[in-house]
Structure formats: C-alpha cells, structure tokens
Amino acid sequence: MALTAPLLWLDGAMVPSADAKIPLMAHAPQRGSLVFDVGSFHATDRGVALFRVREHVARFLRSARIVGLELAYDEDALVRAAVDVTRAAQKDEGLVRWSAFFEASEPDLLPRSAKARVAVAAQIPQDPPRTTPMRIAIFDDARKAAPDALSPEAKAAAAYLGPMMARRRAVARGDDDVVLLDHEGNVAEAPIANVFFVSKGVLRTPALGKILPGITRDAVLAVATAEGIPLREETIPLADATSADEAFLTATSFPLAPIGAVNGRTLEGAPGPITKRLSERLARAQHGREEMFASWCTPIANG
Ligand code: PMP
C-alpha cells in the first residue's frame, strides 16, 4: 500500500490530493481507459533524485498514444511535474505516478471528448520491503492477450484485470504472485513486474514484444552487462521456468524480488549469487553510487 502525498499536480496546478476526483460515470473507470506510469525517487549524495524519469515519462506518453488519449503536456512538462510533486512530498524514498484519463461521462465506447486530464502524484509506500523470497504460480491457462488485441506496451487500467484475476487464483492456492504466459504459451511477465531466470550461469528474460518494456528490466540488463554476466533475451518455455537455478521479478516498486519457489518447486538457497549481485548493484545505481549509471539519476534540488 502506498499513501498519496497531501499535494498532487493536476493539469498544471498543485492541488490537495483529496480534491482530485473522477466522476463515477467517467470513461476512465467505466471502460478502463486510464493510462499511467510509476517511477521512483531515492536518496543520493546529491539529494533526492528521480530514477530514469525521462524513460518513465516517454513510456507514459506512448501508453497515452496507443490508447488514443490526447495530452496537453509534453515530456519536459511531465518531468517538471514529477520534480514538483517529489519536492512537495518532502520524503527521501517513494514513487511518482503519472495518470491520464477521460473524465467525460460517456456511456458509448468511444469518448466524445478526446482531451484527457493529467495528474502526477508522489506516493509513499507504507509496507516494509519484503525480505523473504516469493512463491510464484504459473498456470498454463493464465495468459496475456495477444499483442495485436491489446498492446503489452500500454500501461492502461483495463490491461490489469486479467492479470489481477490470475494473481487472485495464485494467492488462493497459497502462492504470493503469478507469472503469466504469453498468448502462445511461453513465459511472459507477472501482473506488475518482469521476470528473470538464471540457468547454468546465464541470465534469461523473455524478449520484448509480448511484455511491458520494464525500465527496471532494462536497468538489470545494463547492470548484468557491466558485471560480465552472460544474458539472453529470448523465448522461455514454461518448462525452463520451473527448472531454473535462480529467478526474480523486477519492477520500479521492489525493485528486485527474489523468487523462492515456482509451482511448488523450491529454488534452493534463494536469493542466489547472481540475483544478489544484480540486486546490490542496482540498489547502488538507484542511490547514485554508480559512476557508470550516473545519468539515471535526476536530482530534484533547485539548480
Ligand atoms: N510489467 C508490467 C505489466 C508492469 O505493470 C510493470 C510495472 N510498471 C512492469 C512489468 C515493470 O516495469 P518497471 O520496471 O518499469 O516498473
């Protein structure tokens, strides 16, 4: 659970978060057309800094384009809004959430007003970070929509309903989360995270095309390259997932969560050595302690 900071940015102005409301009959909740993105900020030696903020904003703009939401703000304006809400939150660590949505009351499928409203909010996680490896379920019949039916690159509210139901099934049988297959039956991603496996010293993750291009996924691949760990972005059959030596999920909000069991099979010694190495170096990069990845951090302090 994350608590929204008292002030958020709504269409260019800082307003009390409690004043930002969507009408019940709006297109966004009724049709699931809201798009969003979630970034993070961290304490660094140069003060609080946003992590890979331009990539998050670029992905947010792409989600809006895919769904057909017209935004009145460009990348620079949305980065500035993130800086403003992060400053206003007065915290060292947290999340930034950009949302765009049709507010018009609209019973039809296509909204008459193409102009979207835009909100940017800082959110402070309330739960302590998880310390035990996750138990993951992978069901042969819990699959993502085909990319030509629903682009996996759009972070749209409606896209999370199927994955949410799959997670419910996983939790009901005693697992912590689910990894969905793609429409062809190969490993895709978790509801809100990408997935990695380590087999015989090789780091493997599903190739782009049928998954969200995760920014943490990209960061882990860059860190693995810097560490000299062999890596492959490729098709991963379900059988490979259940026989891996190590596995972990990546998402802005964790950012790297070790997996301790897949479909009831224990991954002995989780988190394994490669998972630990990647996790530690990624954490250093997020906190501005990696010269090589310094460009990933955008300090929020006044120039
Ligand atoms: N896949 C999906 C479907 C997601 O919603 C997320 C969270 N944004 C991710 C993967 C991980 O992406 P990121 O590392 O950019 O947070």
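Whatever order the structure lists ligands and atoms in, that order sets their numbers, starting from 1. No experiment lies behind these values; they were computed from the predicted model shown.
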Side-chain donor-acceptor pairs of residues 116-123 under 3.5 Å, sequence neighbours excluded:
from: R117; atom 1: NE; to: D11; atom 2: OD2; distance (Å): 2.8
from: R117; atom 1: NH1; to: E103; atom 2: OE1; distance (Å): 3.4
from: R117; atom 1: NH1; to: E103; atom 2: OE2; distance (Å): 3.0
from: R117; atom 1: NH2; to: D11; atom 2: OD2; distance (Å): 3.1
from: Q123; atom 1: OE1; to: R97; atom 2: NE; distance (Å): 3.1
from: Q123; atom 1: NE2; to: T4; atom 2: OG1; distance (Å): 3.3

Set out, in order, the CA-CA distance, both residues' side-chain angles and the distance that settles salt bridge (Lys or Arg N to Asp or Glu O under 4.0 Å) for D140 and R143, then state yes or no. CA-CA 7 Å; D140 185 54; R143 301 187 179 194; 3.2 Å; yes
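- Residue R46 qualifies as open at atom CZ: its count of foreign heavy atoms under 6.0 Å is 12 or below.
- If you look at ligand 1, the protein residues with a non-hydrogen atom under 4.0 Å away are R59, K155, Y160, E189, P191, I192, A193, N194, L212, G214, I215, T216, T250, A251, T252.
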Check residues 18-29 and write down every donor-acceptor pair under 3.5 Å in which the side-chain atom is one partner and the other belongs to a residue at least two apart or another chain.
from: H27; atom 1: ND1; to: S33; atom 2: OG; distance (Å): 2.7
from: H27; atom 1: NE2; to: L109; atom 2: O; distance (Å): 2.6

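- Counting only residues at least two apart or in different chains, salt bridge (Lys or Arg N to Asp or Glu O under 4.0 Å) contacts with residues 188-199 comprise K144-E189.
- Ring planes of W98 and F60: tilted class, angle from 30 to 60°.
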